[in-house]
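Here the structure is a predicted model, which means the values were calculated and not measured. Any value given below was found using the heavy atoms of this structure, including those in side chains, with hydrogens, waters and symmetry copies removed.
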Amino acid sequence: MWQTIGQSKALALFEYGLKTGSLAHAYLFVGPSHVGKHTLALEIAQALNCYGTEPPCGECKSCRRIADGKHADVTIISLNSSIGLKEAKSRVEIGIDDIKELQRNASLPPYEGKCKIFIIDGAEHLSNEASNCLLKTLEEPPRGVIIFLLTAEEVRLLPTVVSRCQRVELKPLPGKEIERVLIGSYGVNADNARLLAHLSQGCVGWALMASIDGSYLEQQGQRLSEILSLVDVSWEERFAFVSRIGNDRRLAEEIIKFWLVWWRDLMLAKCGCNQGITNINCALALEEWSQALSLGKIKDFIGSLQESLDRISRNANLRLVFETLMLDMPRKE
Ligand SMILES: [Zn+2]
């Protein structure tokens, strides 16, 4: 009855835990964005509160309310949630108020279900204060409460938080498996399925969203032409691009991660390893660019991009980070 695609190892662990009543009280799901962490956590919440014969049935009132985000005993905390008094918009961390509210809520018995579930999505955004506050609950959670921490960046979590959770790694799926799912279960045509499977880099959730919402591919196209134009333009135009980035850290990280994929593709094309390329719809451009840039310059810029991500995670000034990138970005030879 599980809707989670792939992740057989994690599913087997939870099926056993549900059957024997031996689930842990706190789990840390580690894996890239859109790999299925949120879906799996919600499905376990459904299984624990399900009234059907084969939990999670997905059809009983409880399962449906959880899927619709309306169940009183399933709480999702993320940068976008507005738990507590704070307004959610454009916040950069999950603060101590969110965790205090979690603790208050966790101390009350379930309201409509059998088990209380808290899902902290993007646990790497927990502030230090919030993480320290959460430690006590992770150590001695109230009965009938399970906490799921989801993260794509485990290294940014406090080691003391990590050590108090049972760690479950969700791995990207092989492209062929995603292709099969897109064609078999969602009726996507073979060419599109192959492209989306490649671009998703094993993250089936991204592939599914992109198959129903054309804006994902459109955005990919826009970002690609942005990269291509930046390599050729004057310094003034490069710096004009920086001023358009603004102060949105999440957007900045997203852009740099996207650039990393492109420059990695370029490195692979340069080395003749075309089978590993992600942007398979840009084979010609990659070929042309790989001939115009040396391997050393491509490698150096990949290093700069990785360093930029690291600097952003340590709260560096975004403008400075991007200005440095503009200076480091190689030009066609
Ligand atoms: Zn159910």
Side-chain angles (χ1 to χ4, degrees), residues 1-78 80-81 83 102 105-106 108-123 141-152 165-173 177-178 180-182 184-187 202-209 211-212:
M1 302 302 281
W2 297 87
Q3 300 297 311
T4 295
I5 298 166
Q7 313 303 344
S8 51
K9 213 170 144 189
L11 281 178
L13 172 84
F14 285 106
E15 275 175 347
Y16 179 79
L18 285 161
K19 207 160 70 184
T20 55
S22 59
L23 289 179
H25 53 263
Y27 288 94
L28 173 65
F29 285 4
V30 180
S33 298
H34 304 303
V35 80
K37 303 185 293 295
H38 194 98
T39 305
L40 180 58
L42 273 187
E43 281 203 281
I44 298 161
Q46 287 178 318
L48 285 162
N49 286 294
C50 182
Y51 292 101
T53 46
E54 276 182 82
C57 73
E59 286 166 1
C60 70
K61 189 180 168 200
S62 175
C63 281
R64 279 187 282 115
R65 280 177 66 75
I66 291 172
D68 293 342
K70 290 179 179 156
H71 199 286
D73 298 315
V74 178
T75 305
I76 295 162
I77 301 165
S78 71
N80 299 320
S81 65
I83 194 170
L102 177 157
N105 189 347
L108 304 170
Y111 181 75
E112 59 175 304
K114 308 173 206 171
C115 184
K116 282 205 150 186
I117 308 290
F118 295 89
I119 300 170
I120 304 181
D121 196 353
R143 270 176 67 87
V145 169
I146 300 187
I147 301 173
F148 292 93
L149 276 73
L150 320 183
T151 186
C165 301
Q166 182 167 341
R167 187 178 183 280
V168 179
E169 197 171 334
L170 272 66
K171 295 220 163 86
L173 266 58
E177 198 173 331
I178 295 185
R180 242 192 336 266
V181 171
L182 289 175
S185 309
Y186 294 87
C203 297
V204 68
W206 187 92
L208 290 177
M209 288 189 295
S211 74
I212 46 177

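Expressed to the nearest 0.5 Å, how far SG of Cys60 lies from CZ of Arg65 amounts to 11.5 Å. In this structure, CG in Leu18 is found 5.0 Å from CG in Leu23, a value given to the nearest 0.5 Å. Interatomic distance, Cys50 SG to Ile44 CD1, rounded to the nearest 0.5 Å: 13.5 Å. Annotation: the span from Ile147 atom CD1 to Leu102 atom CG amounts to 5.0 Å, rounded to 0.5 Å. Taking OG from Ser211 and CG from Leu182, the interatomic distance works out to 5.5 Å, rounded to the nearest 0.5 Å. In this structure, CD1 in Ile120 is found 5.0 Å from CD1 in Ile77, a value given to the nearest 0.5 Å.
Smallest separation of non-hydrogen atoms from Gln46 and Cys63: NE2-O, 2.8 Å. The shortest non-hydrogen separation linking Gly6 to Leu11 is O-CD1, 3.8 Å. Nearest heavy atom pair, residue Ile117 against residue Ala45, reads CG1-CB, 3.7 Å. Between Phe148 and Ile146, the shortest heavy-atom distance links the atoms CE1-CG2, 3.6 Å. In terms of heavy-atom proximity, Gly58 sits nearest to Arg64 at O-CG, 3.9 Å. Closest non-hydrogen pair, Pro56 versus Ala47, comes out as CB-N, 3.7 Å.
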Notebook entry, point to check: Given the rule in the side chain to side chain contact (heavy atoms under 4.5 Å, CB included) test, do Leu208 and His34 qualify, once you have shown the distances and angles that lead to the verdict?
Noted result: CA-CA 10 Å; Leu208 290 177; His34 304 303; over 6 Å; no
Notebook entry, point to check: Going through the checks in order, is the side chain to side chain contact (heavy atoms under 4.5 Å, CB included) test met by Val145 and Phe118?
Noted result: CA-CA 8 Å; Val145 169; Phe118 295 89; 3.9 Å; yes
Check: Between His38 and Leu150, is a side chain to side chain contact (heavy atoms under 4.5 Å, CB included) present by the stated rule, with each step listed?
Finding: CA-CA 7 Å; His38 194 98; Leu150 320 183; 4.1 Å; yes
Note to self: Walk me through whether Ile119 and Thr75 qualify under side chain to side chain contact (heavy atoms under 4.5 Å, CB included).
What the structure shows: CA-CA 6 Å; Ile119 300 170; Thr75 305; over 6 Å; no
Note to self: Could you go through Lys9 and Glu169, starting from their C-alpha distance and side-chain angles, then the distance that decides it, and tell me whether this counts as salt bridge (Lys or Arg N to Asp or Glu O under 4.0 Å)?
What the structure shows: CA-CA 9 Å; Lys9 213 170 144 189; Glu169 197 171 334; over 6 Å; no
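Cation-pi geometry between Lys37 and Tyr27 is not met: the NZ or CZ atom fails to fall both under 6.0 Å from the ring centre and inside 45° of the normal.
No donor-acceptor distance shorter than 3.5 angstrom exists from the side chain of Arg167 to the backbone of Leu28, with no hydrogens or angles considered. Formation of a donor-acceptor pair under 3.5 Å by the Gln3 side chain with backbone atoms of Glu43 is not found in this model. Of the possible polar contacts, one joining the Glu112 side chain to the Ala72 backbone as a donor-acceptor pair under 3.5 Å is found. A donor-acceptor pair under 3.5 Å links the side-chain atoms of Asp73 to the main chain of Gly113, judged by distance alone. The backbone N or O of Asn49 sits less than 3.5 Å from a side-chain atom of Ser62, completing a donor-acceptor pair.
For the pair Tyr186/Val181, a side-chain contact is recorded, criterion being any heavy-atom separation below 4.5 Å from C-beta on. Leu108 has its side chain within reach of Lys116: a pair of non-hydrogen atoms, C-beta onward, lies under 4.5 Å apart. The shortest distance between side-chain heavy atoms of Ser33 and Cys203 does not fall below 4.5 Å. Using a 4.5 Å cut-off on side-chain heavy atoms (C-beta onward), Leu173 and Ile5 make contact.
The environment of OH in Tyr16 is sparse: at most 12 heavy-atom neighbours from other residues, nucleotides or ligands sit within 6.0 Å. Within 6.0 Å of the NZ atom in Lys114, the count of heavy atoms belonging to other residues, nucleotides or ligands exceeds 12.
A donor atom on one side chain and an acceptor atom on the other are not found under 3.5 Å apart for Gln7 and Trp2.
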